[in-house]
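The block underneath contains the structure these notes are about, expressed in structure tokens.
Residue numbers count from 1 along this sequence. All values reported here derive from a predicted model rather than from experimental measurement.
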Amino acid sequence: PDAVGCAIIRPPRDGGIRYRGLTQEQIRSVQILPVDYEIEYICRGNRVIVGPKVRKCLPNGTWTDITLRSRCRECKKKLYIGALFPMSGGWPGGQACLPSAQMALELVNKRTDILPDYELEMIYYDSKCDPGEATKLLYDLLYTEPIKIVLMPGCSSVSTLVAEAARMWNLIVLSYGSSSPALSNRQRFPTFFRTHPSATLHNPTRVQLFQKWKWTKIATIQQTTEVFTSTLDDLEQRVKEAGIEISVRQSFLTDPAVAVKNLKRQDARIIVGLFYETEARKVFCEVFKEKLYGKKYVWFLIGWYADNWFKIKDPSIDCSVENMTEAVEGHVTTEIVMLNPETVRGASNLTSQEFLAQLMSRLGGKNPEETGGFQEAPLAYDAVWALALALNKTVGALKAKGRRLEDFNYNNQDITAEIYRALNTSSFEGVSGHVVFDAQGSRMAWTLIEQLQGGSYKKIGYYDSTKGNLSWYGNDKWIGPGPPADQTVVIEEFRFLSQKLFASVSVFAGLGILLGIVCLTFNIYNSKVRYIQNSQPYLNNMTAVGCMMALAAVFPLGIDGLHVHKSQFPVVCQFRLWLLGLGFSLAYGSMFTKIWWVHTVFTKKDEKKEKRKQHLEPWKLYATVGVLLAVDVLSLMIWQIVDPLHITVEKFTKEAPKGDLDVLIQPLLEHCSSKKMNTWLGVVYGYKGLLLLLGIFLAYETKSVSTEKINDHRAVGMAIYNVAVLCMITAPVTMILSSQQDASFAFASLAIVFSVYITLVVLFIPKMRRLITRGEWQSEQQDTMKTGSSTNNNDEEKSRQLERENRELQKIIQEKEVRVSELRNQLSLLPPPGYPIPPSDNHSLPPSFSNSSSLYQADSKISRNHCHNSRLQLLYK
């Protein structure tokens, strides 16, 4: 059966019990108190009750909470926190963050190992996420008792205002809901900390992913707001340090159409997008229109959009849900981890899931998606714990200096410095993860990496920026065979000379060298034949050798990177230059010497004609060739010492190969070049060009000269004409066509081949023909017998011409004699005036012209059919 009441219990030590409605005498005498009677514990002095303060008598004869012990302890000193929670406005984060902070305060105040002599109390107001409202509330907090030791604002705009002003009152500011990168500025905000990571915390994760997928070139597109601009500035600095280039940076205010088109035009592949959710829908509608998605592209977005953000119907875009779903497939998001994914008990002795359960209970069953700041609630919870642990660490440091936390006032910098130092070195496990602050006072946290696969987000990894540790699940999926390239892959491909062309020209050059050897052998073997001696055979030998050297230059002209290593290519360049330069000097120089000597001797005035009969001294001719050769050797040596030839690579416009390959071909062509190639070529071409022009002039001037000392100077002149014309056409053409290796080689090599063939044929073939047909190679005596008194080819031609003219004159004389006979017959038939002329027979007239004048002595006037004697004389001239 139930007892009548409850027995009196003993009071706690250093305390007593207040009995309501009873006098001191009654208290001493009573032993049983009635049901529903309440007693109250009280403590003596500056002490407070810990545990149940009031107990009530139950019908079963026991007191309420009898299992919980009540005791007295010294009263805790209160430390006050001034907080601003935005319960409404742009970010009503206080709806969940305030209950979360209150939960943390209750737990901290119950702990005996954290601030045992102090009690934290929070005085808070609704800032409405409005800087103007926050200014008024900050004034009330600062100028209304009690003194606040720390300020706790939320919302970036409010935190900016509070943090900038707080240093004037030596106050530490600890924010739980500010992500603006602008707050990471120790010069402007020297006492600011935040448990909400900066928006720039995404950037180390992005850089880590760029490096993981071996991307070195990215593009960015941002909405022009302060938070995204400062985030992008931080990203630009980080990627630069990592050796990654931001090749394209686009921004927009409201319409992203132009920015997206620019990304497409500049071949952006890896694109970081920084914009709010509503603008994200606009961007990806344009992305769909520009086809800036698929296996060639990867988009990086912010992870705090709603999971179905791309399926929400938006009147500001004209793309269907199917279009948007197609465009966003495969994109990667980075999101700050605000709830510890691991099941660990931290400083509060709660796991993250236990914290959520208690918070849901405190919210009274409200829908988390409709409660502002629900995601950030763990940050507010850990902010209170960070503050409590820092103040607890400060107590010992201040005690060593003879100071106490309760001594804090707005003019005390020492206590502020200790709190700052303690917060700056904070490191503990919270419900939001590991809590640690960087040098700027911003929270370092884990980053969640997700990828949209099949229309839903899949976790593909975490990144711990404090340790640089990437936890990778390996379940990332790509539309293509793997992560796309960060740019169109450019394959360098060298252009080489057509081997068929090279082989064909080489055959002609080889045959030309054989012809040169035959001509040289012929000239040396018959060097004692007078006809060959009169053609200056040593000069002809030089011409043949020079022609062979020029032909030999065709081979290095056709050798490129296909045949030799890059390191050996400069040697090939030297062979080209020296063989062609010395070959030209020998071949053309010897011909030029001949024509120059002929012009010098045979175009002098009549009073100096006696010098033509003087003996030709060959050493002068050889010296002339030597001078020309020495000039070439000297100029080439200076060129190669001052500015040697080396390889230069010419790049052409990129070409797209056939097929759906994400590559471009970069054609390259190797050239032999110098730093001042045009200057050197100008000097060489100018010098050679003047020689060619002078050679043409001398050949023209001496075309009618004949001399037996150099009997082939006309053939030399013809060879000079051909060489000069071919060189003057080929030199500029090859410079123009230098980028077309086949055409350039064809022009240069064929010009060399034709020049050499023409020179050898014109100079040597007539000599061979003459010696073979006339057998003049047998001996000089037979040569003298067969050619008579003249051994000069020019004199023989002149003799044949005179014989031809003599035959023509004899024929004309015979015709005139017939005409004279006819005229005599006519004269004999006419009677002379004044007296008769006896008839005469025509045969009596002699065929000679000795008596022809007597026919006309009678009268000088005759009829028009008669001839005057002066005209008759003309007939016989």
Fill in: Criterion side-chain contact (heavy atoms from CB on, under 4.5 Å) on Ile218 and Arg206, from CA distance to verdict
CA-CA 11 Å; Ile218 65 169; Arg206 290 171 180 142; over 6 Å; no

Item to complete: Using the side-chain contact (heavy atoms from CB on, under 4.5 Å) rule, take Lys264 and Tyr297 through it: C-alpha gap first, then chi angles, then the decisive distance, then the call.
Response: CA-CA 10 Å; Lys264 177 74 172 180; Tyr297 305 95; 3.4 Å; yes

Practice prompt. For Asp126 and Lys128, run salt bridge (Lys or Arg N to Asp or Glu O under 4.0 Å): C-alpha distance rounded to whole Å, both residues' side-chain angles, the deciding distance at 0.1 Å, then the answer.
Written response: CA-CA 6 Å; Asp126 177 13; Lys128 300 178 183 178; 5.5 Å; no

Discussion item. Between Glu241 and Arg238, is the salt bridge (Lys or Arg N to Asp or Glu O under 4.0 Å) condition met? List the steps.
Written reply: CA-CA 5 Å; Glu241 292 171 356; Arg238 289 180 185 272; over 6 Å; no

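Looking at Trp385 and Leu107, their side chains come closer than 4.5 Å, going by heavy atoms from C-beta outward. Here the side chains of Phe355 and Met103 are in contact, with some heavy-atom distance below 4.5 Å. You'll find the side chain of Leu98 reaches within 4.5 Å of the side chain of Met122, heavy atoms only. Counting heavy atoms from C-beta on, the side chains of Leu235 and Phe300 never come closer than 4.5 Å. Under the 4.5 Å side-chain criterion, counting only non-hydrogen atoms from C-beta, Arg249 is in contact with Leu232. Here the side chains of Thr191 and Leu171 are not in contact, with every heavy-atom distance at 4.5 Å or above. Side-chain atoms of Thr333 and Glu335, non-hydrogen and from C-beta on, never get closer than 4.5 Å to each other. Side-chain contact between Ile302 and Leu274: present, with at least one pair of heavy atoms (C-beta onward) separated by less than 4.5 Å.
Going from atom CZ of Phe192 over to atom CG of Leu183 covers 4.5 Å, rounded to the nearest 0.5 Å. To the nearest 0.5 Å, atoms CD1 (Ile81) and CD (Glu121) are separated by 9.5 Å. One finds the SG atom of Cys285 at 7.0 Å from the CG atom of Asn323 (value rounded to the nearest 0.5 Å). Considering CG of Leu339 and OG of Ser352, their distance stands at 4.5 Å, rounded to 0.5 Å. Here the straight-line distance linking atom CZ of Arg421 with atom OG of Ser426 works out to 13.0 Å at 0.5 Å rounding.
Taking Asp314 as the reference, Arg281 meet the salt bridge (Lys or Arg N to Asp or Glu O under 4.0 Å) condition, with sequence neighbours excluded. Partners of Trp215 under the ring pair (Phe, Tyr, Trp, His ring centres under 6.0 Å) rule, at least two apart in sequence or in another chain, are Trp213. Annotation: side chain to side chain donor-acceptor pair (under 3.5 Å) contacts of Ser427 (sequence neighbours excluded): His434. Residues satisfying the salt bridge (Lys or Arg N to Asp or Glu O under 4.0 Å) criterion with Lys212, sequence neighbours excluded, are absent altogether. Residues meeting the side chain to side chain contact (heavy atoms under 4.5 Å, CB included) test with Arg345, sequence neighbours left out: Asn349, Thr351, Glu354. Partners of Tyr80 under the ring pair (Phe, Tyr, Trp, His ring centres under 6.0 Å) rule, at least two apart in sequence or in another chain, do not exist in this structure. Every residue two or more places apart in sequence or in another chain was checked for a disulfide bond (SG atoms under 2.5 Å apart) with Cys97, and none qualifies. Scored by the ring pair (Phe, Tyr, Trp, His ring centres under 6.0 Å) test, Tyr420 finds Phe193 as partners (sequence neighbours excluded).
Tyr457 has its ring centre less than 6.0 Å from the ring centre of His331. Less than 6.0 angstrom separates the ring centroid of Tyr276 from the ring centroid of Phe228. Ring centers of Phe310 and Phe288: at least 6.0 Å apart, outside the cut-off.
Annotation: Lys261, atom NZ; neighbour count of heavy atoms from other residues, nucleotides and ligands within 6.0 Å does not exceed 12.
Ile419 approaches Thr394 most closely through the heavy-atom pair CA-OG1, 3.9 Å. Heavy-atom minimum distance, Ser442 versus Ser184: OG-OG, 2.9 Å.
Listed by first and then second residue, the salt bridge (Lys or Arg N to Asp or Glu O under 4.0 Å) pairs that reach into residues 178-204 are Glu164-Arg188, sequence neighbours excluded. The salt bridge (Lys or Arg N to Asp or Glu O under 4.0 Å) contacts involving residues 322-333 comprise nothing, where partners must be two or more places apart or lie in separate chains.
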Give the table of side-chain donor-acceptor pairs shorter than 3.5 Å for residues 356-367, with sequence neighbours excluded, one pair per line with atom names and distance.
residue, atom, partner, partner atom, Å
Arg362, NH1, Glu106, OE1, 3.4
Arg362, NH2, Glu106, OE2, 2.8
Asn367, OD1, Glu369, N, 3.2

Pair up each side-chain donor or acceptor in residues 470-478 with any protein partner under 3.5 Å, not counting sequence neighbours, and list the distances.
residue, atom, partner, partner atom, Å
Asn475, ND2, Lys459, O, 3.0
Asp476, OD2, Trp478, NE1, 3.2

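Of the options Thr229, Asn203, Leu201, a side chain to side chain contact (heavy atoms under 4.5 Å, CB included) to Asp234 is made by Asn203 and by none of the others. When the options Val173, Leu84, Val384 are evaluated for a side chain to side chain contact (heavy atoms under 4.5 Å, CB included) with Met152, the one that passes is Val384. The only member of Ser198, Ser156, Cys155 that meets side chain to side chain contact (heavy atoms under 4.5 Å, CB included) when paired with Ser179 is Ser156.
Look at Asp267 and Lys217 and you find no salt bridge, because none of the NZ, NE, NH1 or NH2 atoms lies under 4.0 Å from a carboxylate O.
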